[in-house]
Engineer: 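Okay, here's the structure, questions in a sec.
Order of the sequence lines fixes the chain letters, A, B, ..., with proteins taken first and strands second; residue numbering starts at 1 for each chain. Only this structure's heavy atoms are used, side chains among them; waters, hydrogens and symmetry mates stay out. Note that the structure is predicted; figures quoted are calculated from it, not measured.
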2 protein chains.
Amino acid sequence: MGRWQPNARGRLTQAAYELYGERGYEQTTVAEIAKRAGLTERTFFRHFADKREVLFAGSEVLQEAFVNAVIDAPESVAPADAVTAALETVGAVLQDRELSRQRQRLIEANAELRERELIKLASLATAIADALRSRGVPDLTASLAAEVGMAVFKVAFQRWLDGTGDEDLAGYVRESVAELKAVTPDA
Amino acid sequence: MGRWQPNARGRLTQAAYELYGERGYEQTTVAEIAKRAGLTERTFFRHFADKREVLFAGSEVLQEAFVNAVIDAPESVAPADAVTAALETVGAVLQDRELSRQRQRLIEANAELRERELIKLASLATAIADALRSRGVPDLTASLAAEVGMAVFKVAFQRWLDGTGDEDLAGYVRESVAELKAVTPDA
DNA sequence: AAGACGATGTCAGTGGCTGTCATCACTATA
DNA sequence: TATAGTGATGACAGCCACTGACATCGTCTT
């Protein structure tokens, strides 16, 4: 047996979710999270950059999946379609709607957490724009396609969470893309 | 003569801009800002909710102008065009490009400030979506038009700041809207 | 067996932010 | 003209997020 209990990071994550859920994010101190995980406050900050980051640990995975989907799209595919395809791919990563709902409830209840979510999405947009540029897509086109892609994702994700049936995220993405076409101002 | 020097809020704002510019945001303490303004740290927090907010004081004005422009658009105008028109209106509020550049340089140099900027833009998107809904625009359409509007604004604003000539912001907005039409995936 | 390594603990310190109470010029009202 | 507010500020104590520095001690290498 090792000197320490295994999976310190996982225990911290679970403790954080529990406490944020029980008392709310603001009413929870990092020391409390660490204590429930059988660790010290200092160790929490060795695993997570700050008190918020524990809720956003999966975002690198999401971003990587996203970027790969864009890069792997066939040469011939238009930028917007590459992004749309990538958006639908992400639907596969986020299967557990109830878990997403729970997490989103925490995030929406607190402005700091909302800020962190937004910067993650912005970072995602930047990464997608870079991926498009690496495909030879011009600057303005790449930025705009990425930003609009995020706009669609935000709206579709929200509607997916609010939905009652068991439609998958990809379906909402398609719906929003269709609406986007209708919304886009005509020349 | 009053008991105190006039315009405490303005002095705090100026001191903050100076110090953030001289040493950077992180290297500046609120106590230093207050001292330069001839006040105490406690008073700073009576005028601004936190250390970042001093750089975002004008955002309510911008948001109000934006929302009014959407609301005041003629009944007949399509949602997207109402938003586009509002975007161009904002160009009038942000005339001083050099000042905007300086502020943006500060914001981009610091993740916390970037987070705050993003939540202000998100709040703007929400307000615009609400304004559209008050015009009878359906939910999905309103959300999407507002989000896409912000996407266009982000890209156009960035390009305006990066630009060398003396084009106005509205020109970049028009350019980006045109590109948006080209980017939007066809049915 | 000795030493390097790595995850954790301990502790002191900084700085953002808040609650509370005191101060005191100005203002309204008796 | 006295008196009782009022409102912006100061003073002070305290919480908590976060950091740097050093100690600890199983485990792994050689």
Engineer: Check whether NZ of the Lys or CZ of the Arg B:Arg103 lies under 6.0 Å from the centre of the six-membered ring of B:Phe56 and within 45 degrees of that ring's axis.
Structural biologist: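 Yes - B:Arg103 lies over the ring of B:Phe56, closer than 6.0 Å to its centre and within 45° of its axis.
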Engineer: When the side chains of residues 127-141 of chain A are checked against the rest of the protein, which donor-acceptor pairs come out under 3.5 Å, sequence neighbours left out?
Structural biologist:
{"residue": "A:Asp130", "atom": "OD1", "partner": "A:Arg133", "partner atom": "NH2", "Å": "3.1"}
{"residue": "A:Arg133", "atom": "NH1", "partner": "A:Asp139", "partner atom": "OD1", "Å": "3.4"}
{"residue": "A:Ser134", "atom": "OG", "partner": "A:Ala131", "partner atom": "O", "Å": "2.7"}
{"residue": "A:Arg135", "atom": "NH1", "partner": "A:Val70", "partner atom": "O", "Å": "3.0"}
{"residue": "A:Arg135", "atom": "NH1", "partner": "A:Ala73", "partner atom": "O", "Å": "2.9"}
{"residue": "A:Arg135", "atom": "NH2", "partner": "A:Pro74", "partner atom": "O", "Å": "3.0"}
{"residue": "A:Arg135", "atom": "NH2", "partner": "A:Val77", "partner atom": "O", "Å": "3.2"}
{"residue": "A:Thr141", "atom": "OG1", "partner": "B:Glu179", "partner atom": "OE2", "Å": "2.6"}

Engineer: When hydrophobic residues are tied together by side-chain contacts of less than 4.5 Å, even through go-betweens, does B:Val183 share a cluster with B:Val177?
Structural biologist: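 B:Val183 and B:Val177: separate clusters.
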Engineer: So which protein nitrogen or oxygen atoms get under 3.5 Å of nucleotides 6-9 of chain C's nitrogens or oxygens?
Structural biologist:
{"residue": "C:dT8", "atom": "OP2", "partner": "A:His47", "partner atom": "NE2", "Å": "2.8"}
{"residue": "C:dG9", "atom": "OP2", "partner": "A:Thr40", "partner atom": "N", "Å": "3.0"}
{"residue": "C:dG9", "atom": "OP2", "partner": "A:Thr40", "partner atom": "OG1", "Å": "2.8"}
{"residue": "C:dG9", "atom": "OP2", "partner": "A:Thr43", "partner atom": "OG1", "Å": "2.6"}
{"residue": "C:dG9", "atom": "N7", "partner": "A:Arg46", "partner atom": "NH1", "Å": "3.3"}
{"residue": "C:dG9", "atom": "O6", "partner": "A:Arg46", "partner atom": "NH2", "Å": "2.6"}

Engineer: Between B:Val54 and B:Phe45, is there a shared hydrophobic cluster once you connect ILVMFWY residues whose side-chain heavy atoms come closer than 4.5 Å?
Structural biologist: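 Linked, B:Val54 and B:Phe45 end up in one cluster.
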Engineer: Whole angstroms only, please: what is the CZ-P distance between B:Arg23 and C:dG15?
Structural biologist: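 One finds 11 Å between P of C:dG15 and CZ of B:Arg23, rounded.
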Engineer: In whole angstroms, how far is the C1' atom of D:dC16 from the OH atom of A:Tyr25?
Structural biologist: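 Going from A:Tyr25 (OH) to D:dC16 (C1'), I get 11 Å.
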Engineer: For B:Lys51 and C:dT18, what is the distance between atoms NZ and C1' respectively, to the nearest whole Å?
Structural biologist: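 Taking NZ of B:Lys51 and C1' of C:dT18, I get 17 Å after rounding.
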Engineer: Between atom CG in B:Leu12 and atom P in D:dA8, what is the gap in whole Å?
Structural biologist: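 One finds 14 Å between P of D:dA8 and CG of B:Leu12, rounded.
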Engineer: May I ask you to decide if B:Leu113's main-chain N or O and B:Arg52's side chain share a donor-acceptor pair within less than 3.5 Å?
Structural biologist: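 The answer is no, because no donor-acceptor pair under 3.5 Å joins these two groups.
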Engineer: Applying the 4.5 Å side-chain criterion to the ILVMFWY set and letting contacts propagate, would A:Leu118 and A:Leu161 be lumped into a single cluster?
Structural biologist: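 Shared cluster, no.
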Engineer: Return the value, rounded to whole Å, for the distance between atom NZ of A:Lys35 and atom P of C:dT10.
Structural biologist: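 Rounding to the nearest Å, NZ of A:Lys35 and P of C:dT10 are 13 Å apart.
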Engineer: Can you name the closest pair of heavy atoms from B:Val152 and B:Val173 and give their distance?
Structural biologist: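 So the two residues come closest at CG1-O, 4.3 Å.
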Engineer: If I take atom CD1 in residue A:Ile33 and atom P in nucleotide D:dC16, what distance separates them, rounded to the nearest angstrom?
Structural biologist: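 Taking atom P of D:dC16 as the reference, CD1 of A:Ile33 is at 13 Å.
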Engineer: Check B:Glu53 with B:Arg46, please: is the shortest side-chain N to carboxylate O separation under 4.0 Å?
Structural biologist: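 Answer for the salt bridge query: no.
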Engineer: Between B:Glu18 and B:Gln14, is any side-chain donor less than 3.5 angstrom from a side-chain acceptor?
Structural biologist: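 A pair is found: one side chain offers a donor N or O, the other an acceptor, under 3.5 Å apart.
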Engineer: Polar pairs (N or O, both sides) under 3.5 Å between protein and nucleotides 28-30 of chain D?
Structural biologist:
none

Engineer: Return the value, rounded to whole Å, for the distance between atom CD of B:Glu112 and atom P of C:dC17.
Structural biologist: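 Going from CD in B:Glu112 over to P in C:dC17 covers 8 Å.
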Engineer: Output the rounded distance in Å from CZ (B:Phe45) to P (C:dT20).
Structural biologist: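 Spelled out: CZ on B:Phe45 to P on C:dT20 is 18 Å.
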